[in-house]
Number of protein chains: 2
Amino acid sequence: MTTDKTWAPLFERLRTTTGAGQEDLQALAALPIALRHYGENQAVLRDGEQPSDCCLIVDGFCVRSKTIADGKRQILSIHIPGDLPNLQNLHYATVDHDLVALSDCTLAFIGHKALKDLIAQRPGVGNMFWRDTLVDAAISREWIVNVGQRSTTSRLAHLIVELRERLRLAGRVIDDMFALPLTQEQLGEAMGVTSVHTNRILRDLRIAGVLELQRGTVRILNEHKLQELAQFDGRYLHLSPSS
Amino acid sequence: MTTDKTWAPLFERLRTTTGAGQEDLQALAALPIALRHYGENQAVLRDGEQPSDCCLIVDGFCVRSKTIADGKRQILSIHIPGDLPNLQNLHYATVDHDLVALSDCTLAFIGHKALKDLIAQRPGVGNMFWRDTLVDAAISREWIVNVGQRSTTSRLAHLIVELRERLRLAGRVIDDMFALPLTQEQLGEAMGVTSVHTNRILRDLRIAGVLELQRGTVRILNEHKLQELAQFDGRYLHLSPSS
DNA sequence: CGTTGGGTTGATCGGTATCAAATAGCGTGG
DNA sequence: CCACGCTATTTGATACCGATCAACCCAACG
């Protein structure tokens, strides 16, 4: 059965962040799902659509983004295995941004009706999911701080550290390395700077021996320097049920 | 009874955005609340606290903010009458930012326990509130776009238009004017620029005949120019139950 | 009054955008 | 296998937006 692999990263997260009960998780795993694959830069959801399913990222990376009138694009969040990037559509019909696959992705689609029925039957599932959307919101708020106040170097460091913490939960970090399949252009769009500038910041970090990013893989070279730059305080991730 | 005035702006919003039923709203209005007043720049919640109540803004303005290590502050959201700025604490204990009163404020505090009991009894109330936190998250995402991609002028215009749309729902807009009790320093912290620069942008907008901001009151002078600058698309506010 | 906090303006500096061009990597088809 | 073309990365030169520093104004208020 592939079910295990499908749900594993989500369940891992829910267990540690919400203290989810085994019964709720089993009920969840019993829901009918449809697996679909997406390729690089393929849109999963487009601004304005009204999806009838929520999707779970089983494997790969996706981003939420918005494009404004003059063509500039802002990446709003980076999503990793175990994330439910459009849970919000359970409660409002229309997506107000794009959701794009960064790399080859496997997504599991879960119908709204099945999900709503389960939540009605098991309030604990609803609470888990509500909390999940709240943590998503907390991450967005920290993203605002990142773009609004930190220097570009700190900004990149912070983004890297946050991603690593979240990927760790999903079991996707090996030693000092993890996947970050964003081009420099996309990293720039996440940070609100150009790709040229992103390139120079990456060079500085490489020369300073902090980290290197090659072919979509980050390697941390100096944890101490990285922390100093990122000033990362992970409380906003609310990683324990009681926090 | 003051209850009417207390709940009015929230109910107004819930009715139009979630199509809330009268019974759910009545049950909500029956909850015991405690009214408290706050003065300018007084902290309602501090980063790290673990509140046992959620607060409803009855009158006045509050902001969420975060201060980073070097002392820089980012304003994350502006809250107006009818907002529930720490609903998230129903699901996680610790606040991860500050909540500060901008002006003289009246807040109504509602105990978590009473709220949770009501939600358990009336799932419709839970759904309304969940949705409310989701719209809050959507506003945060648009805030990221604002800070990350728009020119400072557009950024300010967008902030103004969003606030006006939200204040309209709360019945707080009269003709072309509404209250915006932020100093230029605070407006700058909302937009990720300095107060000096905010001052110059405001001057430009005044000279261009777009809007003026005096003693905490905005007056729109040229709606057309304002729209052109803001490029505001309010779908992310999800103002109708079906959107 | 004097004090204080916001607002306003000017001068200068630095970080980032922009424009341009060269290089490197990688899949495709000849 | 190599040539080709596409895309991403890298570097340089220059322009400009916004930060910073400094001073001054102004209205509110004790």
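Everything numeric here is computed off the predicted structure, so don't read it as measured data. Per chain, numbering begins at 1; letters A, B, ... match sequence-line order.
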Task: With sequence neighbours excluded, residues passing side-chain hydrogen bond (donor to acceptor under 3.5 Å, both in side chains) with Arg13(A) - done: Asp132(A)

To the nearest angstrom, how far is [X] atom [atom1] from [N] atom [atom2]?
{"X": "Arg215(A)", "N": "dT9(D)", "atom1": "CZ", "atom2": "P", "value": "12 Å"}
{"X": "Glu189(B)", "N": "dA19(D)", "atom1": "CD", "atom2": "C1'", "value": "15 Å"}
{"X": "Leu187(A)", "N": "dT10(D)", "atom1": "CG", "atom2": "P", "value": "12 Å"}
{"X": "Gln149(A)", "N": "dG18(D)", "atom1": "CD", "atom2": "P", "value": "14 Å"}

Separation between [atom1] of [X] and [atom2] of [Y], rounded to the nearest 0.5 Å:
{"X": "Glu142(B)", "Y": "Ser77(B)", "atom1": "CD", "atom2": "OG", "value": "14.0 Å"}
{"X": "Phe61(A)", "Y": "Ile80(A)", "atom1": "CZ", "atom2": "CD1", "value": "6.5 Å"}
{"X": "Leu134(A)", "Y": "Thr17(A)", "atom1": "CG", "atom2": "OG1", "value": "11.0 Å"}
{"X": "Leu76(B)", "Y": "Leu99(B)", "atom1": "CG", "atom2": "CG", "value": "10.5 Å"}

Task: Per-nucleotide protein contact string for nucleotides 6-22 of chain C (B base, S sugar-phosphate only, - none; heavy atom under 4.0 Å) - done: SSBBBB----SSBB---

- [ ] Assess Arg36(B) against Phe109(B): is NZ or CZ under 6.0 Å from the centre of the six-membered ring, and within 45 degrees of the ring's axis?
- [x] yes

